[in-house]
Visitor: 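Here you go, one structure.
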Amino acid sequence: MKIATWNVNSLSVRLGQVLDWLAAHPVDVLALQELKLTDDKFPLAALQEAGYHAVALGQKTYNGVALLARAPLREVQRNLPGFADAQARFIAATIDTEAGPLRLLNGYFVNGQAPGSEKFAYKMDWLQALHGYVQQELAQHPRLVLLGDFNIAPEDRDSYDAEGLRGSIHHTDEERAHFQALLALGLTDAFRLFEQPAKSFSWWDYRMLGFQKNRGLRIDHILVSSALRASVSACTIDRAPRKNPQPSDHAPVVVTL
DNA sequence: ATGACGGTGTGGCACCGA
């Protein structure tokens, strides 16, 4: 089965591209971030017509997440329990597969702006709350995938300019420690289970020909639990949608298991 | 050091993203 994550930077603008991509890549699950629309504007009918069940947590203007799946989605959790969040950044649900139930945790992690800012403090708090929730969830759902836009470049090789950007947002030791803490729960970065091309990124700035010059970051991730690790057979970034007219600044990441 | 590009909401720009 295939599971994907894609920050679409406005589902209203990108719906056509999402439907085209799903038609060409009929994945079993697609996690979306940055919907930038309220639930009443969520294009449920169009997605159902494409053969997907969908659950969403939307918000006006910013944020917003959704899970799309071929199978019905149950046990839906919107927001991180116990973390009062004014922003729509998290949704979880379970699907049933031939191998058993599969728990899906989709996050649009906080950007954080700059170390020392209030937004950075919010990022740290959010990551702490996520860690606690993932720990609880793993105890109940051994087959678990945590995916989304993490807004963290885990290692130097995940940045087009690790030296120049050292200590800046997405590159700080604090963010990377939080990423490692998630791995320490027993999760594995599916992308790094395989040999990958150098300078593999999932986001490129719209400005200054970022994509054309491959000045990007790998900040969109798919983490799998230990129970799933052995069944992962591939993980790739699909750069093609970044070449579309009016693209999102992020590309989809796809895992096969 | 700054702004560049794109989306949104509003309004002739400011904000936010990464």
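To find a chain, count down the sequence lines: A is the first, B the second, and so on, and within it residues start at 1.
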Visitor: Does Ser10(A) put a side-chain nitrogen or oxygen below 4.0 Å from OP1 or OP2 of dG6(B)?
Guide: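 Checking dG6(B) against Ser10(A), no side-chain N or O comes under 4.0 Å of OP1 or OP2.
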Visitor: Base, sugar-phosphate or nothing for Asn63(A)? Non-hydrogen atoms, less than 4.0 Å.
Guide: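 Answer is nothing: Asn63(A) stays at 4.0 Å or more from every strand.
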Visitor: With DNA chain B as reference, determine whether Pro247(A) or Tyr108(A) sits nearer its 5' end, using the nearest nucleotide of each.
Guide: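 Closest to the 5' end, via its nearest nucleotide, is Pro247(A).
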Visitor: Counting side-chain heavy atoms from C-beta on, which of dC16(B), dA18(B), dT8(B) comes nearest to Thr61(A)?
Guide: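 Of dC16(B), dA18(B), dT8(B), dT8(B) is nearest to the side chain of Thr61(A).
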Visitor: So which nucleotide from dT8(B), dA18(B), dC15(B) ends up closest to the side chain of Tyr62(A)?
Guide: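 In terms of side-chain proximity for Tyr62(A), the closest of dT8(B), dA18(B), dC15(B) is dC15(B).
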Visitor: Give His250(A) one of three labels, base, sugar-phosphate or nothing, depending on what nucleic acid heavy atoms sit under 4.0 Å from its own.
Guide: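 Sugar-phosphate, backbone atoms only, no base.
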Visitor: By the 4.0 Å heavy-atom rule, please label Lys119(A) as base, sugar-phosphate, or nothing.
Guide: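 It contacts sugar-phosphate atoms only.
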Visitor: Using atom CZ of Phe109(A) as one end and atom P of dG17(B) as the other, report the distance to the nearest whole Å.
Guide: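 Atom CZ in Phe109(A) sits about 16 Å away from atom P in dG17(B).
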Visitor: Could you tell me whether Arg192(A) and Asp158(A) make a salt bridge, using a distance below 4.0 angstrom between a side-chain N and a carboxylate O?
Guide: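 So Arg192(A) pairs with Asp158(A) through a salt bridge.
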Visitor: Taking only the C1' atom of each, what is the distance from dC15(B) to dG11(B) in whole angstrom?
Guide: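 Per the computed distance, 13 Å lies between those C1' atoms.
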Visitor: Rounded to whole angstrom units, what separation is found between the CZ atom of Phe150(A) and the P atom of dA18(B)?
Guide: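 Answer to the nearest Å: 14 Å.
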Visitor: On a whole-Å scale, what distance lies between the C1' atoms belonging to dT10(B) and dA1(B)?
Guide: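 Going atom to atom, C1' in each nucleotide, I get 30 Å.
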Visitor: Does OP1 or OP2 of dG7(B) have a side-chain N or O of Gln246(A) closer than 4.0 Å?
Guide: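 Gln246(A) to dG7(B) OP1/OP2: side-chain N or O found under 4.0 Å.
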Visitor: Which atom names give the shortest non-hydrogen contact between Asp220(A) and Ser202(A), and what distance separates them?
Guide: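 Answer, listing the atom of Asp220(A) first, then Ser202(A): OD2-OG, 2.7 Å.
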Visitor: Does the side chain of Asn106(A) pick up a donor-acceptor pair with the side chain of Gln33(A) at under 3.5 Å?
Guide: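 Yes, a side-chain donor-acceptor pair sits under 3.5 Å.
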Visitor: Considering only side-chain heavy atoms of Met208(A), which listed nucleotide, dA18(B), dG17(B), dA4(B), is closest?
Guide: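 Selected nucleotide (nearest to the side chain): dA4(B).
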Visitor: What is the distance, rounded to the nearest whole Å, between atom CH2 of Trp203(A) and atom P of dG6(B)?
Guide: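 Taking atom P of dG6(B) as the reference, CH2 of Trp203(A) is at 13 Å.
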Visitor: Contact class for Asn7(A) (heavy atom, under 4.0 Å): base, sugar-phosphate, or nothing?
Guide: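 Since only primed, P, OP1 and OP2 atoms lie under 4.0 Å of Asn7(A), the category is sugar-phosphate.
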Visitor: Taking Asp96(A) as the fixed residue, which of Arg143(A), Arg103(A), Arg74(A) is the one that meets the salt bridge (Lys or Arg N to Asp or Glu O under 4.0 Å) rule?
Guide: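 In the set Arg143(A), Arg103(A), Arg74(A), the residue that makes a salt bridge (Lys or Arg N to Asp or Glu O under 4.0 Å) with Asp96(A) is Arg74(A).
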Visitor: To the nearest Å, how far apart are Asp161(A) CG and dA18(B) C1'?
Guide: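 Computing the Asp161(A):CG to dA18(B):C1' distance gives 14 Å.
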Visitor: Just wondering, more than 12 heavy atoms not from Arg239(A) lying within 6.0 Å of its CZ?
Guide: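 Count over threshold, so yes.
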Visitor: For Tyr122(A) and dC16(B), give me the distance from atom OH to atom P, rounded to whole Å.
Guide: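 Checked: the OH to P distance equals 13 Å.
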Visitor: For His170(A) and dC16(B), give me the distance from atom NE2 to atom C1', rounded to whole Å.
Guide: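 In whole Å, dC16(B) C1' lies 12 Å from His170(A) NE2.
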Visitor: Tell me whether the side-chain N or O atoms of Asn111(A) pair up with the base of dA18(B) as donor and acceptor below 3.5 Å, since no angle test is needed here.
Guide: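 For Asn111(A), whose side chain was compared with the base of dA18(B), there is a donor-acceptor pair (under 3.5 Å).
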Visitor: Roughly how many Å is it from CZ in Arg89(A) to P in dG17(B), rounded to a whole number?
Guide: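 Rounded to whole Å, this separation is 7 Å.
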Visitor: Classify the nucleic acid contact of Arg215(A) as base, sugar-phosphate or nothing, counting any heavy atom under 4.0 Å across all strands shown.
Guide: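 No contact.
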Visitor: Can a side chain N or O of Asn9(A) be found less than 4.0 Å away from OP1 or OP2 on dC16(B)?
Guide: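 Negative; the distance criterion is not met.
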Visitor: For dG3(B) versus dC16(B), give the span between their C1' atoms, rounded off to a whole number of Å.
Guide: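 To the nearest whole Å, 15 Å.
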Visitor: What is the distance from CD of Gln59(A) to P of dC16(B), rounded to the nearest Å?
Guide: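 The distance from CD of Gln59(A) to P of dC16(B) comes to 13 Å, rounded to the nearest Å.
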Visitor: Is Gln113(A) touching bases, backbone alone, or none of the nucleic acid, heavy atoms closer than 4.0 Å?
Guide: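 If one applies the 4.0 Å heavy-atom cut-off, Gln113(A) turns out to touch nothing in the nucleic acid.
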Visitor: Could you please spell out the steps behind the ring-ring contact (aromatic ring centres under 6.0 Å, His included) verdict for His221(A) and Phe179(A)?
Guide: CA-CA 10 Å; His221(A) 306 298; Phe179(A) 189 87; 5.2 Å; yes
Visitor: For a quick check of understanding: with a heavy-atom distance under 4.0 Å over all strands, which category does Asn151(A) fall into, base, sugar-phosphate or nothing?
Guide: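 Contact class for Asn151(A): sugar-phosphate only.
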Visitor: How far does the C1' atom of dG12(B) sit from the matching atom of dT2(B), given to the nearest Å?
Guide: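 Going atom to atom, C1' in each nucleotide, I get 24 Å.
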Visitor: Measuring centre to centre across the rings, with the benzene-like ring taken for any Trp, is Phe90(A) within less than 6.0 Å of Tyr133(A)?
Guide: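 Ring-ring flag for Phe90(A)/Tyr133(A): true, centres closer than 6.0 Å.
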Visitor: Just compare dA18(B), dG9(B), dT8(B) and give me whichever is closest to any side-chain atom of Val13(A).
Guide: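 From the listed options, dT8(B) comes nearest.
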